[in-house]
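Some notes on the structure that comes next.
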Amino acid sequence: MANAKPMTQNPVGETHSNLFRIIAIVLLALVVLVGLTILIIWLTVKPKKLVYSIDDGSIHNYNLSNANHLNATYNFILRAYNPNKKVSVYYDKVDIAVLYDDDTISRGTIDPFHQPKRNATRFKLNLASHDVSLREEVARDLKVERSSGRVEMVVNFKARIRFKVGAWKSRHYHMKVSCAPIMVHFSTSSKGFQRTICDVDI
Ligand SMILES: *[C@@H]1O[C@H](CO)[C@@H](O)[C@H](O)[C@H]1NC(C)=O
Ligand SMILES: *[C@@H]1O[C@H](CO)[C@@H](O)[C@H](O)[C@H]1NC(C)=O
Ligand SMILES: *[C@@H]1O[C@H](CO)[C@@H](O)[C@H](O)[C@H]1NC(C)=O
């Protein structure tokens, strides 16, 4: 209200000063009201983090040629959990990458879907490497790990998502999820598979 000060020198300024004071009070009240509304909405919605895990993983049809070309198929179970009671999630685009030794050996997508509130959904990811050329040292590592019956892989995915609360839909968010390390078995028997919780970055 510093700008109102010179006005108090005459009676006309006095009424102006009062007017400014009222405007200031109304503005302040509005700011507090908006703040309280946001706080109340936040407390009612209580957003919780989305949770992802890889619950199973196996490799099939593995063939690594002497020229370091890899053919294989991968079966992963991705579990997506939305713990929110008031928020549902639109997945508009999901791109998956499977990595071994920091090299991408397979890519895939999940079709767009809408995840309701308090919902857990399991996705069967059927991915493959078709004649993927590996670097010499990567192929060497893979051969060594292969002989132990399981290999350590990373499953990453990027998603474009929107949140829905009541009738309101949020803007798009880019989410990055990384699931590592995943110990993938060379057989259908997934006994002893270590479930991996993923890191989520929105
Ligand atoms: C791997 O692929 C090569 C070339 O395609 C083939 O000759 C070989 O029999 C395959 N090995 C297995 C175990 O399938
Ligand atoms: C991988 O599969 C392709 C055909 O899909 C075949 O031409 C190639 O030889 C295979 N490579 C290996 C290493 O099995
Ligand atoms: C989760 O949502 C999907 C898709 O709407 C539905 O098919 C599935 O039954 C739901 N699962 C649970 C546990 O509510």
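Read the numbers this way: they start at 1 and go in the same order the structure lists the ligands and their atoms. Since we're looking at a predicted model, the values are computed, not measured.
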Query - Mutual orientation of the aromatic rings belonging to Y52 and F157 [parallel < 30°, tilted 30-60°, perpendicular > 60°] - result: perpendicular

Query raised in the report: Between the main-chain N or O of V87 and the side-chain N or O of N82, is there a donor-acceptor pair closer than 3.5 Å?
Result: yes

Requested in this report: Considering only protein heavy atoms, determine whether one is less than 4.0 Å from atom 11 (N) of ligand 3.
Outcome: yes

Query raised in the report: How close does the nearest protein non-hydrogen atom get to atom 5 (O) of ligand 3, and which residue and atom is it?
Result: P116 CG, 3.6 Å

Query raised in the report: For ligand 3, which atoms, with element, lie under 4.0 Å from some heavy atom of T121?
Result: 1 (C), 2 (O)

Query raised in the report: Which hydrophobic side chains are connected to Y81, either touching it within the sub-4.5 Å cutoff or through other members that do?
Result: V51

Query raised in the report: Does any non-hydrogen side-chain atom of V155 lie less than 4.5 Å from one of M153?
Result: no

Requested in this report: Could you check atom 13 (C) of ligand 2 against the protein and tell me its nearest heavy-atom contact, residue, atom and distance included?
Outcome: H69 O, 3.3 Å

Query raised in the report: With atoms numbered from 1 as shown, which atoms in ligand 3 lie under 4.0 angstrom from a non-hydrogen atom of A120?
Result: 11 (N)

Query raised in the report: Just how far is it from atom CZ of F163 to atom CD1 of I161, taken to the nearest 0.5 Å?
Result: 3.5 Å

Query raised in the report: Among N63, D131, N71, which one has a heavy atom closest to atom 8 (C) of ligand 1?
Result: N63

Query - Derivation and outcome, side-chain hydrogen bond (donor to acceptor under 3.5 Å, both in side chains), residues N119 and T121 - result: CA-CA 7 Å; N119 175 275; T121 304; 2.6 Å; yes

Query raised in the report: From atom 2 (O) of ligand 2, is the closest protein heavy-atom distance below 4.0 Å?
Result: yes

Report summary line: protein heavy-atom neighbour closest to atom 9 (O) of ligand 3 works out as N119 ND2, 4.7 Å

